[in-house]
There are 2 protein chains.
Amino acid sequence: MAEPSGTARDPEAVSRFVEHFAAQLVEAGLQRMPARVFAALLASDKGVLTSAELGEQLKISPAAVSGAVRYLAQVRMVSREREPGSRRERYRVHGDQWYEALTNREAILKRWEDALREGVTSLGADTPAGRRLEETLAFFEFVDQEVAAMMERWRAHREQRFGRG
Amino acid sequence: MAEPSGTARDPEAVSRFVEHFAAQLVEAGLQRMPARVFAALLASDKGVLTSAELGEQLKISPAAVSGAVRYLAQVRMVSREREPGSRRERYRVHGDQWYEALTNREAILKRWEDALREGVTSLGADTPAGRRLEETLAFFEFVDQEVAAMMERWRAHREQRFGRG
DNA sequence: CGCTCCTTTCAGAAATTTGTGAAGTTAAGG
DNA sequence: CCTTAACTTCACAAATTTCTGAAAGGAGCG
(Lines give C-alpha, C1' and ligand atoms only; values in the text may rest on other atoms or scores of the structure.)
Protein backbone atom coordinates (compact mmCIF):
# COMPACT_ATOMS: atom_id res chain seq x y z
CA MET A 1 0.00 0.00 0.00
CA ALA A 2 1.02 3.56 0.52
CA GLU A 3 4.11 4.34 2.56
CA PRO A 4 3.40 5.24 6.15
CA SER A 5 3.90 8.94 6.52
CA GLY A 6 7.32 9.87 7.79
CA THR A 7 9.03 7.17 5.75
CA ALA A 8 11.36 7.96 2.88
CA ARG A 9 9.32 8.16 -0.24
CA ASP A 10 9.74 6.00 -3.28
CA PRO A 11 11.75 8.22 -5.63
CA GLU A 12 10.54 6.30 -8.59
CA ALA A 13 6.89 6.85 -7.80
CA VAL A 14 7.61 10.52 -7.31
CA SER A 15 9.44 10.73 -10.59
CA ARG A 16 6.67 8.96 -12.42
CA PHE A 17 4.13 11.43 -11.15
CA VAL A 18 6.36 14.41 -11.82
CA GLU A 19 6.99 13.47 -15.41
CA HIS A 20 3.42 12.53 -16.10
CA PHE A 21 1.93 15.66 -14.63
CA ALA A 22 4.57 17.85 -16.23
CA ALA A 23 3.72 16.32 -19.57
CA GLN A 24 0.13 17.46 -19.15
CA LEU A 25 1.25 20.95 -18.29
CA VAL A 26 3.46 21.01 -21.34
CA GLU A 27 0.57 19.95 -23.49
CA ALA A 28 -1.36 22.87 -22.08
CA GLY A 29 1.33 25.25 -23.27
CA LEU A 30 3.85 25.50 -20.44
CA GLN A 31 7.53 25.13 -21.31
CA ARG A 32 9.09 21.85 -20.36
CA MET A 33 11.55 22.87 -17.67
CA PRO A 34 9.14 25.12 -15.80
CA ALA A 35 6.57 22.36 -15.96
CA ARG A 36 8.94 19.76 -14.55
CA VAL A 37 10.20 22.04 -11.83
CA PHE A 38 6.70 22.98 -10.82
CA ALA A 39 5.54 19.38 -10.74
CA ALA A 40 8.54 18.44 -8.61
CA LEU A 41 7.63 21.12 -6.11
CA LEU A 42 4.02 20.00 -6.02
CA ALA A 43 5.14 16.47 -5.30
CA SER A 44 7.65 17.40 -2.62
CA ASP A 45 6.74 16.85 0.98
CA LYS A 46 7.23 20.38 2.21
CA GLY A 47 6.40 22.13 -1.01
CA VAL A 48 9.89 23.57 -0.90
CA LEU A 49 13.06 22.53 -2.69
CA THR A 50 16.50 24.07 -3.23
CA SER A 51 18.09 24.58 -6.61
CA ALA A 52 20.46 21.72 -5.97
CA GLU A 53 17.64 19.36 -5.07
CA LEU A 54 15.72 20.31 -8.18
CA GLY A 55 18.74 19.88 -10.39
CA GLU A 56 19.56 16.50 -8.95
CA GLN A 57 16.06 15.15 -8.95
CA LEU A 58 15.30 16.26 -12.48
CA LYS A 59 18.79 15.64 -13.86
CA ILE A 60 19.15 19.13 -15.25
CA SER A 61 21.87 21.76 -15.08
CA PRO A 62 21.88 24.66 -12.66
CA ALA A 63 21.31 26.91 -15.65
CA ALA A 64 18.11 25.09 -16.50
CA VAL A 65 16.88 25.34 -12.92
CA SER A 66 17.65 29.02 -12.90
CA GLY A 67 15.72 29.68 -16.09
CA ALA A 68 12.74 27.59 -15.07
CA VAL A 69 12.49 29.15 -11.67
CA ARG A 70 12.79 32.65 -13.00
CA TYR A 71 9.86 32.01 -15.27
CA LEU A 72 7.75 30.38 -12.56
CA ALA A 73 8.41 33.22 -10.16
CA GLN A 74 7.49 35.74 -12.80
CA VAL A 75 4.08 34.19 -13.34
CA ARG A 76 3.64 33.75 -9.59
CA MET A 77 3.47 30.01 -9.59
CA VAL A 78 6.29 29.73 -7.07
CA SER A 79 7.95 32.12 -4.69
CA ARG A 80 11.63 32.31 -3.96
CA GLU A 81 13.05 32.49 -0.49
CA ARG A 82 16.58 33.08 0.72
CA GLU A 83 17.45 30.48 3.28
CA PRO A 84 18.70 32.70 6.14
CA GLY A 85 22.43 32.48 6.74
CA SER A 86 23.20 30.69 3.52
CA ARG A 87 23.56 31.40 -0.15
CA ARG A 88 21.02 28.74 -0.88
CA GLU A 89 17.79 29.74 -2.43
CA ARG A 90 14.59 27.81 -1.91
CA TYR A 91 11.54 27.70 -4.08
CA ARG A 92 8.09 27.19 -2.72
CA VAL A 93 4.69 26.43 -4.11
CA HIS A 94 2.11 28.08 -1.92
CA GLY A 95 -1.13 26.16 -1.88
CA ASP A 96 -3.31 29.03 -2.90
CA GLN A 97 -0.98 31.36 -4.61
CA TRP A 98 -0.76 29.18 -7.61
CA TYR A 99 -4.45 28.94 -8.16
CA GLU A 100 -4.39 32.67 -8.27
CA ALA A 101 -1.68 32.41 -10.87
CA LEU A 102 -3.80 30.14 -12.98
CA THR A 103 -6.50 32.72 -12.96
CA ASN A 104 -3.80 35.27 -13.62
CA ARG A 105 -4.54 34.45 -17.10
CA GLU A 106 -6.24 37.70 -16.14
CA ALA A 107 -3.22 39.52 -17.41
CA ILE A 108 -3.59 37.65 -20.66
CA LEU A 109 -7.32 38.26 -20.83
CA LYS A 110 -6.73 41.96 -20.35
CA ARG A 111 -4.51 42.10 -23.36
CA TRP A 112 -7.02 40.15 -25.40
CA GLU A 113 -9.62 42.64 -24.40
CA ASP A 114 -7.43 45.54 -25.38
CA ALA A 115 -6.78 44.05 -28.79
CA LEU A 116 -10.49 43.46 -29.27
CA ARG A 117 -11.43 46.97 -28.23
CA GLU A 118 -8.95 48.33 -30.72
CA GLY A 119 -10.49 46.09 -33.34
CA VAL A 120 -14.02 47.27 -32.63
CA THR A 121 -12.90 50.85 -33.08
CA SER A 122 -10.83 50.40 -36.18
CA LEU A 123 -13.25 48.11 -37.98
CA GLY A 124 -16.26 50.15 -36.93
CA ALA A 125 -18.76 49.28 -34.22
CA ASP A 126 -21.50 49.40 -36.82
CA THR A 127 -20.02 46.68 -39.04
CA PRO A 128 -20.77 42.99 -38.75
CA ALA A 129 -17.18 42.24 -37.87
CA GLY A 130 -17.19 45.02 -35.31
CA ARG A 131 -20.27 43.61 -33.69
CA ARG A 132 -18.72 40.17 -33.57
CA LEU A 133 -15.65 41.52 -31.89
CA GLU A 134 -17.80 43.45 -29.46
CA GLU A 135 -19.62 40.33 -28.43
CA THR A 136 -16.37 38.49 -27.96
CA LEU A 137 -15.13 41.35 -25.84
CA ALA A 138 -18.30 41.18 -23.75
CA PHE A 139 -17.66 37.50 -23.18
CA PHE A 140 -14.22 38.10 -21.81
CA GLU A 141 -15.39 40.91 -19.59
CA PHE A 142 -18.06 38.57 -18.29
CA VAL A 143 -15.48 35.88 -17.63
CA ASP A 144 -13.31 38.33 -15.73
CA GLN A 145 -16.05 39.07 -13.25
CA GLU A 146 -17.15 35.51 -12.95
CA VAL A 147 -13.72 34.15 -12.30
CA ALA A 148 -13.20 36.60 -9.49
CA ALA A 149 -16.46 35.47 -7.90
CA MET A 150 -15.57 31.86 -8.50
CA MET A 151 -12.31 32.20 -6.63
CA GLU A 152 -14.19 33.63 -3.68
CA ARG A 153 -16.42 30.61 -3.65
CA TRP A 154 -13.41 28.34 -3.94
CA ARG A 155 -11.79 29.83 -0.90
CA ALA A 156 -14.94 29.22 1.10
CA HIS A 157 -15.31 25.71 -0.26
CA ARG A 158 -11.70 24.96 0.45
CA GLU A 159 -11.79 26.21 3.99
CA GLN A 160 -14.80 24.08 4.69
CA ARG A 161 -13.30 20.98 3.20
CA PHE A 162 -9.67 21.25 4.14
CA GLY A 163 -9.66 23.69 7.00
CA ARG A 164 -7.41 26.72 6.93
CA GLY A 165 -4.27 25.44 5.21
CA MET B 1 -15.11 57.87 -38.36
CA ALA B 2 -15.76 54.26 -39.12
CA GLU B 3 -16.68 53.14 -42.59
CA PRO B 4 -20.38 53.01 -43.26
CA SER B 5 -21.43 49.41 -43.27
CA GLY B 6 -21.61 47.91 -46.73
CA THR B 7 -18.49 49.75 -47.86
CA ALA B 8 -15.26 47.93 -48.65
CA ARG B 9 -13.24 47.72 -45.51
CA ASP B 10 -9.81 49.06 -45.02
CA PRO B 11 -7.63 46.00 -45.55
CA GLU B 12 -4.84 47.55 -43.61
CA ALA B 13 -6.95 48.15 -40.53
CA VAL B 14 -8.17 44.58 -40.75
CA SER B 15 -4.65 43.27 -41.09
CA ARG B 16 -3.46 45.31 -38.16
CA PHE B 17 -6.15 43.88 -35.95
CA VAL B 18 -5.62 40.35 -37.20
CA GLU B 19 -1.91 40.37 -36.53
CA HIS B 20 -2.25 42.06 -33.19
CA PHE B 21 -4.93 39.77 -31.89
CA ALA B 22 -3.21 36.71 -33.29
CA ALA B 23 -0.06 37.72 -31.45
CA GLN B 24 -1.98 37.65 -28.19
CA LEU B 25 -3.35 34.23 -28.96
CA VAL B 26 0.13 33.00 -29.75
CA GLU B 27 1.37 34.33 -26.47
CA ALA B 28 -1.36 32.36 -24.78
CA GLY B 29 -0.04 29.19 -26.37
CA LEU B 30 -1.81 28.83 -29.70
CA GLN B 31 0.29 28.05 -32.76
CA ARG B 32 0.89 30.92 -35.09
CA MET B 33 -0.97 29.87 -38.20
CA PRO B 34 -4.08 28.72 -36.38
CA ALA B 35 -4.04 31.98 -34.45
CA ARG B 36 -3.80 34.09 -37.57
CA VAL B 37 -6.46 32.14 -39.40
CA PHE B 38 -8.78 32.35 -36.46
CA ALA B 39 -8.24 36.08 -36.05
CA ALA B 40 -8.89 36.61 -39.74
CA LEU B 41 -12.19 34.79 -39.46
CA LEU B 42 -13.18 36.79 -36.42
CA ALA B 43 -12.48 39.99 -38.30
CA SER B 44 -14.29 38.98 -41.46
CA ASP B 45 -17.69 40.44 -42.14
CA LYS B 46 -19.61 37.22 -42.47
CA GLY B 47 -17.47 35.16 -40.15
CA VAL B 48 -16.79 32.91 -43.12
CA LEU B 49 -13.83 32.73 -45.48
CA THR B 50 -12.62 30.30 -48.12
CA SER B 51 -9.19 28.73 -48.17
CA ALA B 52 -8.17 30.96 -51.03
CA GLU B 53 -9.27 34.09 -49.22
CA LEU B 54 -7.40 33.08 -46.13
CA GLY B 55 -4.26 32.26 -48.07
CA GLU B 56 -4.34 35.53 -49.93
CA GLN B 57 -5.14 37.70 -46.96
CA LEU B 58 -2.52 36.14 -44.72
CA LYS B 59 0.05 35.57 -47.47
CA ILE B 60 0.44 31.91 -46.68
CA SER B 61 0.47 28.76 -48.76
CA PRO B 62 -2.54 26.49 -49.23
CA ALA B 63 -0.68 23.92 -47.17
CA ALA B 64 -0.47 26.29 -44.25
CA VAL B 65 -4.17 27.08 -44.49
CA SER B 66 -4.96 23.41 -44.58
CA GLY B 67 -2.93 22.66 -41.49
CA ALA B 68 -4.24 25.59 -39.51
CA VAL B 69 -7.83 24.85 -40.36
CA ARG B 70 -7.52 21.21 -39.52
CA TYR B 71 -6.28 22.13 -36.09
CA LEU B 72 -8.95 24.74 -35.50
CA ALA B 73 -11.69 22.37 -36.54
CA GLN B 74 -10.33 19.70 -34.27
CA VAL B 75 -10.55 21.93 -31.23
CA ARG B 76 -13.95 23.21 -32.37
CA MET B 77 -12.96 26.78 -32.84
CA VAL B 78 -14.20 26.82 -36.42
CA SER B 79 -16.45 24.60 -38.46
CA ARG B 80 -15.93 23.63 -42.05
CA GLU B 81 -18.62 23.80 -44.66
CA ARG B 82 -18.70 22.60 -48.23
CA GLU B 83 -19.97 25.38 -50.41
CA PRO B 84 -22.77 23.56 -52.26
CA GLY B 85 -22.01 23.01 -55.91
CA SER B 86 -18.34 23.74 -55.65
CA ARG B 87 -15.14 22.17 -54.46
CA ARG B 88 -14.51 25.18 -52.34
CA GLU B 89 -14.50 24.77 -48.65
CA ARG B 90 -15.49 27.52 -46.29
CA TYR B 91 -14.54 27.98 -42.70
CA ARG B 92 -16.78 29.63 -40.18
CA VAL B 93 -16.46 30.93 -36.69
CA HIS B 94 -19.77 30.45 -34.91
CA GLY B 95 -20.37 33.08 -32.30
CA ASP B 96 -20.96 30.70 -29.46
CA GLN B 97 -19.23 27.57 -30.50
CA TRP B 98 -15.85 28.98 -29.90
CA TYR B 99 -16.51 30.05 -26.36
CA GLU B 100 -17.42 26.47 -25.76
CA ALA B 101 -14.10 25.52 -27.24
CA LEU B 102 -12.30 27.80 -24.85
CA THR B 103 -13.91 26.03 -21.99
CA ASN B 104 -13.05 22.81 -23.74
CA ARG B 105 -9.91 23.10 -21.88
CA GLU B 106 -12.21 20.68 -20.11
CA ALA B 107 -10.50 17.90 -21.97
CA ILE B 108 -7.22 19.20 -20.68
CA LEU B 109 -8.50 19.61 -17.15
CA LYS B 110 -9.69 16.03 -17.15
CA ARG B 111 -6.24 14.79 -17.94
CA TRP B 112 -4.75 16.97 -15.26
CA GLU B 113 -7.19 15.50 -12.82
CA ASP B 114 -6.30 11.98 -13.85
CA ALA B 115 -2.62 12.64 -13.37
CA LEU B 116 -3.28 14.13 -9.96
CA ARG B 117 -5.44 11.24 -8.85
CA GLU B 118 -2.71 8.87 -9.83
CA GLY B 119 -0.27 10.96 -7.86
CA VAL B 120 -2.40 10.94 -4.74
CA THR B 121 -2.56 7.18 -4.88
CA SER B 122 1.06 6.50 -5.60
CA LEU B 123 2.47 9.04 -3.16
CA GLY B 124 -0.02 8.12 -0.48
CA ALA B 125 -3.11 10.08 0.54
CA ASP B 126 -1.70 10.30 4.04
CA THR B 127 1.50 12.07 3.07
CA PRO B 128 1.97 15.83 2.93
CA ALA B 129 2.57 15.70 -0.80
CA GLY B 130 -0.46 13.49 -1.26
CA ARG B 131 -2.62 15.95 0.61
CA ARG B 132 -1.32 18.80 -1.52
CA LEU B 133 -2.15 16.95 -4.68
CA GLU B 134 -5.56 16.12 -3.32
CA GLU B 135 -6.33 19.73 -2.68
CA THR B 136 -5.18 20.67 -6.14
CA LEU B 137 -7.40 17.99 -7.55
CA ALA B 138 -10.34 19.34 -5.57
CA PHE B 139 -9.68 22.75 -7.04
CA PHE B 140 -9.90 21.49 -10.58
CA GLU B 141 -13.02 19.53 -9.88
CA PHE B 142 -14.51 22.66 -8.41
CA VAL B 143 -13.54 24.65 -11.47
CA ASP B 144 -15.15 22.09 -13.76
CA GLN B 145 -18.52 22.55 -12.14
CA GLU B 146 -18.25 26.27 -11.89
CA VAL B 147 -17.29 26.78 -15.48
CA ALA B 148 -20.29 24.82 -16.63
CA ALA B 149 -22.55 27.01 -14.52
CA MET B 150 -20.76 30.11 -15.73
CA MET B 151 -21.42 29.26 -19.34
CA GLU B 152 -25.10 28.92 -18.54
CA ARG B 153 -25.10 32.37 -17.07
CA TRP B 154 -23.22 33.70 -20.06
CA ARG B 155 -25.79 32.41 -22.47
CA ALA B 156 -28.51 34.17 -20.52
CA HIS B 157 -26.48 37.34 -20.26
CA ARG B 158 -25.70 37.26 -23.91
CA GLU B 159 -29.23 36.71 -25.03
CA GLN B 160 -30.34 39.64 -22.96
CA ARG B 161 -27.68 41.95 -24.24
CA PHE B 162 -27.34 40.91 -27.87
CA GLY B 163 -30.55 39.09 -28.59
CA ARG B 164 -30.50 35.63 -30.07
CA GLY B 165 -27.55 35.68 -32.46
C1' DC C 1 -15.14 8.81 -68.07
C1' DG C 2 -11.86 12.28 -68.09
C1' DC C 3 -10.69 17.15 -67.04
C1' DT C 4 -10.09 20.60 -63.86
C1' DC C 5 -10.15 22.88 -59.71
C1' DC C 6 -9.37 22.69 -55.03
C1' DT C 7 -7.52 20.51 -50.96
C1' DT C 8 -4.39 17.50 -48.59
C1' DT C 9 -0.11 15.13 -47.82
C1' DC C 10 4.79 14.84 -47.63
C1' DA C 11 9.70 15.74 -47.53
C1' DG C 12 12.83 18.99 -46.58
C1' DA C 13 14.82 23.87 -45.76
C1' DA C 14 14.71 27.49 -42.52
C1' DA C 15 13.80 29.45 -38.27
C1' DT C 16 13.04 29.02 -33.57
C1' DT C 17 13.47 27.00 -29.14
C1' DT C 18 15.78 24.44 -25.69
C1' DG C 19 19.37 23.05 -22.55
C1' DT C 20 24.25 22.89 -21.63
C1' DG C 21 29.04 24.15 -20.32
C1' DA C 22 31.75 27.74 -18.95
C1' DA C 23 32.64 32.20 -17.48
C1' DG C 24 30.85 35.88 -14.57
C1' DT C 25 28.70 37.79 -10.37
C1' DT C 26 27.44 38.18 -5.67
C1' DA C 27 27.69 37.44 -0.89
C1' DA C 28 28.81 34.46 3.28
C1' DG C 29 32.41 33.14 6.30
C1' DG C 30 36.83 32.79 7.75
C1' DC D 1 40.13 40.92 2.19
C1' DC D 2 40.27 36.47 0.21
C1' DT D 3 38.06 32.15 -0.56
C1' DT D 4 34.39 29.66 -1.81
C1' DA D 5 29.55 28.39 -2.45
C1' DA D 6 25.82 29.37 -4.91
C1' DC D 7 23.12 31.48 -8.58
C1' DT D 8 22.99 33.82 -13.20
C1' DT D 9 24.22 34.99 -17.80
C1' DC D 10 25.87 33.99 -22.31
C1' DA D 11 27.13 31.73 -26.61
C1' DC D 12 26.48 27.82 -28.98
C1' DA D 13 25.05 22.99 -30.44
C1' DA D 14 21.19 20.10 -30.82
C1' DA D 15 16.55 19.18 -31.25
C1' DT D 16 12.19 20.60 -32.54
C1' DT D 17 8.85 23.16 -34.92
C1' DT D 18 7.12 25.65 -38.76
C1' DC D 19 6.12 26.64 -43.42
C1' DT D 20 6.77 25.83 -48.19
C1' DG D 21 6.82 23.74 -52.95
C1' DA D 22 5.62 19.82 -55.31
C1' DA D 23 3.06 15.85 -56.03
C1' DA D 24 -1.04 13.22 -55.01
C1' DG D 25 -5.92 12.81 -54.09
C1' DG D 26 -10.87 13.51 -54.87
C1' DA D 27 -15.17 15.77 -56.10
C1' DG D 28 -17.93 18.30 -59.46
C1' DC D 29 -18.93 19.09 -64.26
C1' DG D 30 -18.99 18.39 -68.99
*Can you establish whether the number of heavy atoms outside A:Glu83 located under 6.0 Å from its atom CD is more than 12?*
yes
Take atom [atom1] of [X] and atom [atom2] of [N], then tell me their distance rounded to the nearest Å.
X       : N      : atom1 : atom2 : value
B:Leu72 : C:dT8  : CG    : P     : 13 Å
B:Glu83 : C:dC5  : CD    : C1'   : 13 Å
B:Ile60 : D:dT17 : CD1   : P     : 20 Å
A:Glu53 : D:dA6  : CD    : C1'   : 14 Å
A:Leu54 : C:dG19 : CG    : P     : 15 Å
A:Glu81 : D:dA6  : CD    : P     : 17 Å
B:Glu56 : C:dC6  : CD    : P     : 13 Å
B:Tyr71 : D:dC19 : OH    : C1'   : 17 Å

Would you tell me if any nitrogen or oxygen in the side chain of [X] comes within less than 4.0 Å of OP1 or OP2 on [N]?
X       : N      : result
B:Gln31 : D:dT18 : yes
B:Arg90 : C:dT7  : no
B:Ser51 : C:dC6  : no

*Do A:Arg76 and A:Trp98 have side chains that get closer than 4.5 Å, going by heavy atoms?*
no
*Do B:Glu146 and A:Arg153 come close enough that some side-chain heavy atom pair is under 4.5 Å?*
yes
*NA contact type, A:Arg36, heavy-atom cut-off 4.0 Å: base, sugar-phosphate, or nothing?*
nothing
*Is A:Gly85 touching bases, backbone alone, or none of the nucleic acid, heavy atoms closer than 4.0 Å?*
sugar-phosphate
Measure from the side-chain heavy atoms of [X] and tell me the nearest of [options].
X       : options                : answer
B:Ser61 : D:dG21, D:dT8, C:dG29  : D:dG21
B:Arg32 : D:dG21, C:dG19, D:dC19 : D:dC19
B:Arg88 : C:dC6, D:dT8, C:dG19   : C:dC6
B:Arg70 : C:dT9, D:dT20, D:dT8   : C:dT9
A:Arg87 : D:dC29, C:dG29, C:dT7  : C:dG29
A:Met33 : C:dC6, D:dT20, C:dG19  : C:dG19
B:Ala63 : C:dT8, D:dC7, D:dG21   : D:dG21

*So which one's nearest nucleotide on DNA chain D is more toward 5', B:Arg82 or A:Arg82?*
A:Arg82
_Spatial distance of atom CG (A:Leu41) from atom CD (A:Glu53) [nearest 0.5 Å]_ = 9.5 Å
*In Å, rounded to the nearest 0.5 Å, how long is the span from CH2 of A:Trp112 to CZ of A:Phe139?*
9.5 Å
*Have B:Tyr91 and B:Thr50 got a donor and an acceptor in their side chains that come within less than 3.5 Å?*
no
